[in-house]
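Below is one structure, written out as structure tokens, with a few remarks after it.
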Amino acid sequence: MSPVDAFSVLADPLRRQVVELLAEGPVTAGDIAVRFPITRPAVSRHLRVLRESGLVESAVRGQHRVYTLRRAGLAELDAWLDRFRPLTADDAAAAGPAARLDALDTELHRGRRARRAADPTGEHRGTA
């Protein structure tokens with residue numbers, strides 16, 4: 001599964017909540033279903049999407065279907081997101097788009113402070 005596919009699957013808030021629930025450990029389908037204000041068949045469809053995407057797996061144990069988070073499915077998504085994470089303040093320029101935007105925001109704030117300090121009358125307040 002590509003990271004873009006994972007985003008599509010996780011775009012649904014209920015599926016994200018199920019993934020968060022499964023991060024704590026295996027849970028039966030019945031226990032998942034009672035946590036949400038939708039029908040059991042609707043929960044079952046969401047679980048099927050998660051299972052087919054490779055983000056969760058299920059196993060039959062007695063009369064219960066137990067769902068488990070597949071962390072490997074999230075690893076691909078994490079690797080994709082890694083490109084956008086800043087490394088350190090020293091590496092901000094090389095850390096990717098997010099770090100560069102953070103640095104731009106910092107510089108804009110510094111410029112505003114400098115203009116305010118240079119204009120004690122406050123005549124130019126409100127301009128960037």
Side-chain angles (χ1 to χ4, degrees):
M1 174 175 64
S2 77
V4 174
D5 295 335
F7 280 123
S8 297
V9 170
L10 295 173
D12 186 277
L14 188 134
R15 290 195 285 260
R16 284 194 309 272
Q17 289 176 340
V18 170
V19 168
E20 289 173 11
L21 175 65
L22 295 176
E24 298 172 13
V27 182
T28 65
D31 288 341
I32 293 170
V34 299
R35 294 175 183 257
F36 300 101
I38 61 175
T39 64
R40 283 183 181 256
V43 171
S44 181
R45 285 190 292 274
H46 284 288
L47 290 171
R48 185 183 73 235
V49 170
L50 287 166
R51 192 175 58 246
E52 289 175 354
S53 72
L55 292 173
V56 304
E57 59 189 9
S58 67
V60 176
R61 295 196 185 129
Q63 295 181 352
H64 302 283
R65 182 172 291 273
V66 178
Y67 283 84
T68 307
L69 182 63
R70 285 195 65 247
R71 296 185 188 277
L74 293 173
E76 291 177 13
L77 181 60
D78 190 50
W80 186 85
L81 288 170
D82 223 16
R83 302 183 316 174
F84 304 100
R85 291 188 181 112
L87 302 174
T88 66
D90 295 335
D91 297 328
R100 288 193 293 274
L101 289 174
D102 287 343
L104 175 61
D105 185 55
T106 299
E107 291 303 317
L108 288 172
H109 286 290
R110 283 182 185 156
R112 287 182 190 130
R113 276 195 305 264
R115 282 192 296 281
R116 282 188 210 123
D119 183 19
T121 64
E123 289 181 23
H124 293 89
R125 292 196 193 249
T127 60

Taking only residues at least two apart or on different chains, which pairs with a member in residues 42-55 satisfy salt bridge (Lys or Arg N to Asp or Glu O under 4.0 Å)?
-> R48-E52
Please output the side-chain donor-acceptor pairs of residues 19-42 that fall under 3.5 Å, not counting sequence neighbours, one pair per line with the distance.
unit_1	atom_1	unit_2	atom_2	d
T28	OG1	D31	N	3.1
T28	OG1	D31	OD2	3.1
T39	OG1	A42	N	3.2

Honestly curious: do V66 and L47 fall in one hydrophobic cluster under the side-chain, below-4.5 Å linking rule?
-> no
Could I get the full list of side chain to side chain donor-acceptor pair (under 3.5 Å) partners for R70, not counting sequence neighbours?
-> none
Quick check: does any side chain N or O of R16 sit under 3.5 Å from a backbone N or O of A11, one acting as donor and the other as acceptor?
-> yes
For D12, side-chain contact (heavy atoms from CB on, under 4.5 Å) partners two or more places apart = L14, R15, H46
Distance, nearest 0.5 Å, that separates CG of L55 from OG1 of T68 = 13.0 Å
Contacts of type salt bridge (Lys or Arg N to Asp or Glu O under 4.0 Å), residue R71, not counting sequence neighbours | none
